[in-house]
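Reading through the structure tokens given below for one structure.
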Amino acid sequence: MEKNKYLDNRLAEEFDLIVLVNNTHRDCGFPSGSLGTLTYSYTGRGRPLYGLFTTKNGEKKEQPLRLRDFRVLNEKNRRDCSLIAEYMARLQAESPQNS
């Protein structure tokens, strides 16, 4: 079996687009399905990764993540591609240049 970041989160890299796959961060405003960007990748057992997410009021928050909290979006997957397009459109709309 081929190892890649879409199958093994330990191979995820900074700036990968990610989606939360559980409700571990729901109390912080990020339920399962929340889209974000990985800002700090795997550095060893017991250390968190970090992802940047946007709250409903537009505030950006960095969240510590465990390997099982997210998956990397794959631009070659049709379903993921639509999530990526939605995420990029939202970022564009939130850009200060568009205010």
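Within a 6.0 Å radius of CZ in Arg10, other residues, nucleotides and ligands contribute 12 heavy atoms or fewer.
Between Tyr50 and Tyr40, the angle of the ring planes goes over 60°, which puts this pair in the perpendicular group of the 30/60° scheme.
The backbone N or O of Ser32 sits less than 3.5 Å from a side-chain atom of Asn23, completing a donor-acceptor pair. Without hydrogens or angle criteria, Tyr6 side chain to Asn9 main chain gives no donor-acceptor distance under 3.5 Å.
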Q: Please step through side-chain contact (heavy atoms from CB on, under 4.5 Å) for the pair Leu65 and Ile18, ending with a clear verdict.
A: CA-CA 11 Å; Leu65 304 170; Ile18 58 173; 3.7 Å; yes
Q: Tell me, with the steps shown, if Glu14 and Asp16 meet side-chain contact (heavy atoms from CB on, under 4.5 Å).
A: CA-CA 6 Å; Glu14 285 87 1; Asp16 279 341; over 6 Å; no
Q: Could you give me the CA-CA distance, side-chain angles and deciding distance for Gln63 and Thr24, then say whether side-chain contact (heavy atoms from CB on, under 4.5 Å) is met?
A: CA-CA 11 Å; Gln63 289 292 115; Thr24 302; over 6 Å; no
Q: Determine, stepwise, if the pair Phe53 / Leu20 fulfils side-chain contact (heavy atoms from CB on, under 4.5 Å).
A: CA-CA 10 Å; Phe53 298 90; Leu20 296 179; 3.7 Å; yes
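Across all their heavy atoms, Ser41 and Ala12 have their closest contact at CB-O, 3.3 Å. Summarising the geometry of Arg68 relative to Val21, their closest heavy-atom pair is O-CG2, 3.4 Å, with the distance given to 0.1 Å.
In this structure, Asn4 CG and Leu7 CG are separated by 4.0 Å, a value rounded to the nearest 0.5 Å. Taken to the nearest 0.5 Å, the NZ atom of Lys61 stands 11.5 Å off from the CG atom of Leu52. Interatomic distance, CG of Leu73 versus OG1 of Thr37, reported as 9.5 Å (0.5 Å rounding).
For the pair Val19 and Arg71, the minimum side-chain heavy-atom distance is below 4.5 Å. Between Leu35 and Leu17, every side-chain heavy-atom pair lies at or beyond the 4.5 Å cut-off. The side-chain heavy atoms of Leu49 and Leu38, taken from C-beta on, include a pair separated by under 4.5 Å. Side chains of Phe30 and Thr55 form a contact here, defined as non-hydrogen atoms less than 4.5 Å apart.
Side-chain heavy atoms closer than 4.5 Å link hydrophobic residues (I, L, V, M, F, W, Y) into clusters, and following such links, even through other members, never connects Phe70 to Met88.
With sequence neighbours left out, the salt bridge (charged side-chain N to carboxylate O under 4.0 Å, His left out) criterion links Lys3 to Asp8.
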